[in-house]
Amino acid sequence: MLSTATSKDHKFESRRSSHANSPAAAPSSGVAVINESLVQELHLQKLEDDGQHRTEWRIKGSSLSLNTHNRIRNIVEALQIKPNPQKPMIPLSIGDPTTFGNLKAADETMKAVLRSLESGKFNGYAHTQGHEASRQAVAKYSAHQRPAGTIDPSDVLLCSGCSSALEYCILALAERGQNILVPRPGFCLYHTLAEGLDIEVRYYELLPEKQWRADLRQLESLIDANTAALLINNPSNPCGSVYDEEHLLELIAICERHYLPIIADEIYEHFVFPGSRHVAVSSLTREVPVLSCGGLTKRFLVPGWRMGWIIVHDHHKRLGTALNGLKNMCGRILGTNTIIQGALPDILTKTPQSYFDSVIEVLHTNAQLAYKMLKTVPGLNPVMPNGAMYMMIGVCIERFLAFKDDTHFVQELVNEQSVFCLPGSCFSYPGYIRIVLTVPAAMLEEACVRIAEFCDTHYKKDNRTRIEDGLLEDGHIHY
């Protein structure tokens with residue numbers, strides 16, 4: 001058997017022999033071509049020997065792509081769902097307010113886009129941060145975020161939806177090996193955006209018994225030298241909480257002590273129910289840099305238009321090169337939808353307040369309806385929201401012996417009652433389910449009736465409760 005070296009020599013001699021016997025080997029201008037070919041073959045052979053040259057198809061996904069996961073999708077796709085064919089499906093899981101057709105964009109909003117399109121002025125690229133007039137409109141619309149001063153259009157960066165705005169903020173402030181602080185329960189996208197780049201997500205706890213206020217002591221214990229930012233979602237998805245000024249000042253104080261910038265996810269800033277008031281965190285501080293993320297998505301009921309923005313609040317210019325990085329991020333996709341940019345000035349100024357009030361009325365009425373119906377259901381503990389378009393409902397899973405956890409509970413609720421909620425595990429908060437409040441009232445009422453029926457079927461009462469209900473005599477209990 002030939003040695004490895006002998007095999008290589010034989011392979012090379014065969015190649016040289018074949019070239020020498022070919023017609024092109026005769027003295028001609030082709031000699032240079034043959035010599036070049038030989039050089040290339042020798043080079044490839046050396047790369048192959050050194051393990052630097054591919055000898056087969058070996059395509060693989062990048063670390064970023066393979067480490068990017070959508071927790072909601074992963075959990076939902078793992079469910080073994082077969083809805084009850086006797087009952088129409090009621091999906092209380094979808095965070096798109098346009099799904100059911102009962103909530104539509106205002107006529108003024110639609111007409112603004114039509115004018116932008118017909119003008120023919122917005123078919124080309126814009127500045128990567130957005131058209132000047134569009135940024136001016138956002139700056140004026142968001143003036144409440146900086147009551148002590150004027151928001152300059154240069155402080156506004158238009159993005160492809162609020163999700164893109166959040167991504168740009170995270171990537172501009174944090175890098176591999178650092179960490180960001182995000183709420184639990186919280187929107188799973190924060191984790192999705194960070195994990196693929198090896199940016200650690202550290203969860204600070206929200207307290208349901210305190211209307212989902214942050215556990216300040218636990219939050220502060222998470223901070224170290226590698227903490228890049230605190231992310232505040234107010235009003236909250238999935239909790240529907242709205243923080244008052246006092247609590248926001250407590251969060252700001254922590255950031256001042258530890259020199260942390262704030263990423264403020266305020267996409268629901270105008271979705272606030274009567275009796276509550278949204279306060280922009282940037283309006284309460286001139287010391288802590290705040291990147292406020294917002295957009296048209298929710299308030300104007302146009303999530304598919306993908307128009308979001310970042311407003312930079314940095315009175316003392318402390319963001320440094322992070323601000324340059326943030327602006328560089330806008331160049332990744334050469335700017336956002338220019339047709340919608342062209343419509344922004346009219347959308348933001350001509351959509352009437354009466355339209356917004358009517359949307360809030362629907363959400364608030366639905367929240368009251370669901371809370372009233374579900375708070376009396378054994379084993380459930382709904383938390384009344386003060387804003388956004390969701391409600392979190394605690395599930396006393398130990399009282400439902402047939403189910404392992406909140407995910408199993410949701411799965412069987414679909415299979416028996418054709419009502420689909422999201423398990424709290426989607427928001428890193430097991431033991432809860434989340435429902436949306438954007439469905440038509442009659443559909444929501446029917447869903448609550450089915451949920452109550454499901455719980456009544458599976459809820460396991462303890463002996464004392466059964467005695468109180470007259471279902472068991474005290475003498476029949478064996479202690």
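Worth knowing before you read on, the calculation uses all heavy atoms, side chains too, and leaves out hydrogens, waters and symmetry mates. On a predicted model such as this, the values are computed, not experimentally measured, just so you know.
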Determine whether more than 12 heavy atoms belonging to other residues, nucleotides or ligands lie under 6.0 Å from atom CZ of Arg286. no

Shortest non-hydrogen separation from Ile397 to Asp406 and the atoms involved: CD1-N, 4.2 Å

Atom CD of residue position Glu256 - does it have more than 12 heavy atoms of other residues, nucleotides or ligands inside 6.0 Å? yes

Shortest non-hydrogen contact from Ile94 to Val436? O-CG1, 3.3 Å

Give me the ring orientation class for Tyr429 and Tyr432: parallel if the planes are under 30° apart, tilted from 30 to 60°, perpendicular past 60°. tilted

Please determine whether the number of non-hydrogen atoms from other residues, nucleotides or ligands lying under 6.0 Å from atom CZ of Arg318 exceeds 12. yes

Side-chain touch Leu422/Val410, heavy atoms, less than 4.5 angstrom: no

Working note: His270 + Tyr141, criterion ring-ring contact (aromatic ring centres under 6.0 Å, His included); need CA distance, chi angles, decisive distance, verdict. CA-CA 12 Å; His270 297 287; Tyr141 172 78; 5.6 Å; yes

Mutual orientation of the aromatic rings belonging to Phe409 and Phe400 [parallel < 30°, tilted 30-60°, perpendicular > 60°]: perpendicular

Please indicate whether Arg217 has more than 12 foreign heavy atoms, meaning atoms of other residues, nucleotides or ligands, lying under 6.0 Å from its CZ. no

Ignoring hydrogens and angles, tell me if any N or O in the side chain of Asn386 forms a donor-acceptor pair with the backbone of Ser276 under 3.5 Å. no

Could you check if a side-chain atom of Ile151 sits within less than 4.5 angstrom of a side-chain atom of His313, using non-hydrogen atoms only? yes

Do the non-hydrogen side-chain atoms of Thr336 and Met307 ever get within less than 4.5 Å of each other? yes

Parallel, tilted or perpendicular, judged at 30° and 60°: which one describes the rings of Phe454 and His458? tilted

Counting only heavy atoms from other residues, nucleotides and ligands, does the tally under 6.0 Å from CE of Met110 exceed 12? no

Kindly list each side-chain donor-acceptor pair under 3.5 angstrom involving residues 159-174, sequence neighbours excluded, with atom names and distances?
none

Between Arg450 and Glu416, is the closest basic N to carboxylate O distance under 4.0 Å? no

Given Ser134, which of Ile340, Leu344, Leu348, Thr338 fulfils the side chain to side chain contact (heavy atoms under 4.5 Å, CB included) condition? Leu344

Less than 6.0 angstrom from the centroid, inside 45 degrees of the normal: does Arg299 satisfy that with respect to the ring of Phe356? yes

Between Tyr268 and Phe271, what is the ring plane arrangement, given parallel below 30°, perpendicular above 60°, and tilted in between? tilted

One pair to check against side-chain contact (heavy atoms from CB on, under 4.5 Å): Ser425 and Asp405. What are the steps and the verdict? CA-CA 9 Å; Ser425 298; Asp405 51 29; 6.0 Å; no

Could you tell me if the side chain of His69 sits less than 4.5 Å from the side chain of His191, heavy atoms only? no

Under a 3.5 Å cutoff, is there a donor and acceptor pairing between the side chains of Ser292 and Ser282? no

At their closest point, which heavy atom of Val156 faces which heavy atom of Arg135, and how far apart are they? O-CD, 3.0 Å

Partner of Ile435 by side chain to side chain contact (heavy atoms under 4.5 Å, CB included), out of Cys421, Ser93, Pro382: Cys421

Just do the salt bridge (charged side-chain N to carboxylate O under 4.0 Å, His left out) check on Glu205 and Arg184 with the steps written out, would you? CA-CA 5 Å; Glu205 304 295 340; Arg184 177 164 56 197; 2.5 Å; yes

Any side-chain heavy-atom pair from Gln145 and Ile311 closer than 4.5 angstrom? yes

Leu222 to Arg202 - nearest heavy-atom pair and separation: O-NH1, 2.7 Å

In this structure, CG of Leu251 is separated from CG of Leu260 (nearest 0.5 Å) by 11.5 Å

Quick check: are there more than 12 heavy atoms from other residues, nucleotides or ligands sitting under 6.0 Å from CD of Gln80? no

Taking the side chain as C-beta and beyond, is there a heavy-atom pair between Trp305 and Ile347 under 4.5 Å? yes

Please check if the distance between the ring centroids of Phe300 and Tyr355 is under 6.0 Å. no

Going by heavy atoms in the side chains, are Val362 and Ser358 under 4.5 Å from each other? no

Would you check if Val439 and Leu92 make a side-chain contact, meaning some heavy-atom pair closer than 4.5 Å? yes

Do Asp155 and Arg146 sit within salt-bridge range, that is, some charged N less than 4.0 Å from a carboxylate O? yes

